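Not measured: the values here are computed from a predicted model.
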Amino acid sequence: MDGKDPPVPFKNRARYSHRRKVIVLGGAPDGDLVASKLLQMPDRYEVIGIFDDRWKRLQSQNMQHCVPVKGSVDDMITLCRQELPDMIVIAIFDARRERLRDILHKVIVLPVDIYLAADIFPPGFSSGILQDDDLGLCLIPISKVLLSGGRYWVKWAEDKILALFFIAALLPLYILIAILIKLDSRGPVFFVQNRYGFNDKVIKVLKFRTMYVEKGDATGADRTVRNDPRVTRIGRYLRNFSLDELPQFFNVLRGEMSVVGPRAHATAMRVDDELYEKAVDCYSARHRVRPGMTGLAQVRGYRGEITSRAAAQKRIDNDLYYINHWTLGLDLKIILRSIYIVLFNRENAF
């Protein structure tokens, strides 16, 4: 969900003129074989390049490849964070389990279709497999774009309709809160913070300011605690009822956030004095969709201050469950549950 049209499903690709941009992960001989076969269908595939952790050795040995060898797996991740391909094909036919597991652990966090190339067709396993007799390829799905096709547009429409509705309905409240903030303490009405968005892109998230300007922390490294002296008088009420989050409907309207999704985390957020992405396994996988104003983790009790790695992991596990089991009905349940919590169960709001 990056604001552009969703990727075209493979099984329907012949009916579309869209050429799928492909990255091949694995050098010669397997990766080069797969890349050369994909190049035989220029109307369907555009091979960007080959990436392999052995890339320096491949270059020093002057091994011939039909497309450029551009770097390591980490280089590929960096490229994908800037501009996503349509698919990644892992082409290492005889990879040891440990090597394949390490590769998958790195790439599974990317919001892109990932396939494992095989030189044989697995008997009795056909669900989702792409087999092209013309190319002699068998591509086994490992990870798929989570919201594509009709599901993408349902989620898009949900976000736009709800954002417009709440902004219009709550406009008098927006004005009242702005006036109270200005009367309570000096400084701007809004607080802007860098947080992680879709595909690890940094977005600027809007909130009503709830802290004194001279005591605020734009990085998010210093978590807010109960009775935090940095919070203003009006800020305590805003945070208690989550009213400080209301400006994020404008982030939703701009396509940077969703109403429901994994909560947008500050880029410097920590647990046990370590950055989240280092402390929690597969942390970046939660960024395969747009972040939300509320989410499954929040309505299940993982809201507010998180002080242990175990609790942080539970929060991420709930985020990943939501991503993999998204339905419109689930979003509506989370929204209703969030409203109930704000009104009647605010023990972790401070």
Side-chain angles (χ1 to χ4, degrees), residues 1-3 147 150-185 187-193 195 197-198 203-211 224 231-266 289-304 319 322-323 326-350:
M1 297 175 59
D2 58 353
L147 292 175
R151 289 162 57 86
Y152 173 92
W153 293 113
V154 169
K155 181 71 167 172
W156 182 90
E158 172 198 341
D159 287 335
K160 300 303 182 187
I161 292 171
L162 288 176
L164 286 170
F165 170 78
F166 281 111
I167 289 173
L170 298 175
L171 185 58
L173 183 59
Y174 278 83
I175 296 173
L176 175 61
I177 291 173
I179 293 172
L180 291 175
I181 290 173
K182 295 299 289 185
L183 292 175
D184 185 47
S185 62
V189 169
F190 297 109
F191 173 74
V192 181
Q193 188 175 59
R195 298 190 182 185
F198 173 77
I203 60 175
K204 294 188 179 298
V205 173
L206 289 173
K207 296 182 66 176
F208 282 122
R209 181 176 59 84
T210 60
M211 292 186 178
T224 308
V231 178
T232 64
R233 290 172 299 175
I234 186 63
R236 296 191 189 283
Y237 290 99
L238 296 179
R239 298 180 76 94
N240 193 33
F241 288 93
S242 296
L243 297 175
D244 58 321
E245 310 281 354
L246 291 181
Q248 291 170 28
F249 281 117
F250 290 100
N251 288 109
V252 174
L253 206 57
R254 292 195 309 220
E256 298 165 336
M257 294 179 63
S258 288
V259 175
V260 182
R263 284 283 289 147
H265 286 176
V289 297
R290 290 189 184 104
M293 295 178 62
T294 186
L296 184 63
Q298 282 63 48
V299 301
R300 286 184 171 178
Y302 298 97
R303 179 185 183 216
D319 290 338
Y322 167 80
I323 290 172
W326 176 84
T327 64
L328 180 59
L330 178 59
D331 272 6
L332 296 179
K333 289 179 182 178
I334 292 173
I335 291 171
L336 293 176
R337 180 64 180 167
S338 297
I339 294 173
Y340 173 83
I341 290 172
V342 166
L343 294 177
F344 304 109
N345 185 12
R346 303 187 300 277
E347 57 184 76
N348 290 327
F350 45 82

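Of the listed residues (T294, L343, V260), just one forms a side chain to side chain contact (heavy atoms under 4.5 Å, CB included) with S338, and that residue is T294.
R151 is linked by a side chain to side chain donor-acceptor pair (under 3.5 Å) to nothing, counting only residues two or more places apart in sequence or in another chain.
Shortest non-hydrogen contact noted between I203 and E256 is CD1-O, 3.7 Å. Of all heavy-atom pairs between V299 and I334, the closest is CG1-O, 3.8 Å. In terms of heavy atoms, L238 sits closest to R209 at CD1-O, 4.3 Å. For the pair R239 and D244, the tightest heavy-atom approach, listed with the atom from each and the gap, is CA-OD1, 3.8 Å. Nearest heavy atom pair, residue S258 against residue R290, reads OG-CB, 3.8 Å. Across all non-hydrogen atoms, the minimal contact from Q248 to M257 is OE1-CE, 3.4 Å.
Between the side chain of K182 and the backbone N or O of G187, at least one donor-acceptor pair lies under 3.5 Å. The closest donor-acceptor contact from the side chain of D184 to the backbone of I234 lies under 3.5 Å.
Side-chain contact between D319 and R263 is absent, with no heavy-atom pair separated by less than 4.5 Å. In this structure the side chain of L162 reaches within 4.5 angstrom of the side chain of I335, judged on heavy atoms. The side-chain heavy atoms of V189 and Y174, taken from C-beta on, include no pair separated by under 4.5 Å. With a 4.5 Å cut-off on side-chain heavy atoms, V192 and L206 count as touching. Proximity of P291 to R195: side-chain heavy atoms (C-beta onward) are nowhere separated by under 4.5 Å. Between Q193 and K204 there is no side-chain heavy-atom pair separated by less than 4.5 Å. Looking only at side-chain heavy atoms (C-beta outward), F191 and M211 stay at 4.5 Å or farther from each other. Counting heavy atoms from C-beta outward, L180 and Y237 have side chains that stay 4.5 Å or more apart.
We find the CD1-CD1 distance between I175 and I179 to be 7.0 Å, quoted to the nearest 0.5 Å. Rounded to the nearest 0.5 angstrom, T327 OG1 and L332 CG are separated by 8.0 Å. Taken from CZ in R337 to CG in L296, the straight-line distance is 11.0 Å, to the nearest 0.5 Å. Between atom CG of residue D331 and atom CG of residue L336 there is a gap of 11.0 Å, rounded to the nearest 0.5 Å.
Heavy atoms of other residues, nucleotides or ligands lying less than 6.0 angstrom from NZ of K333 number 12 at most.
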Could you go step by step and tell me if F166 and L253 meet the side-chain contact (heavy atoms from CB on, under 4.5 Å) rule?
CA-CA 11 Å; F166 281 111; L253 206 57; over 6 Å; no
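Residues F208 and F190 place their aromatic rings such that the two centres sit under 6.0 Å apart.
Ring pair Y340/F344 is tilted by interplanar angle, where 30° to 60° counts as tilted.
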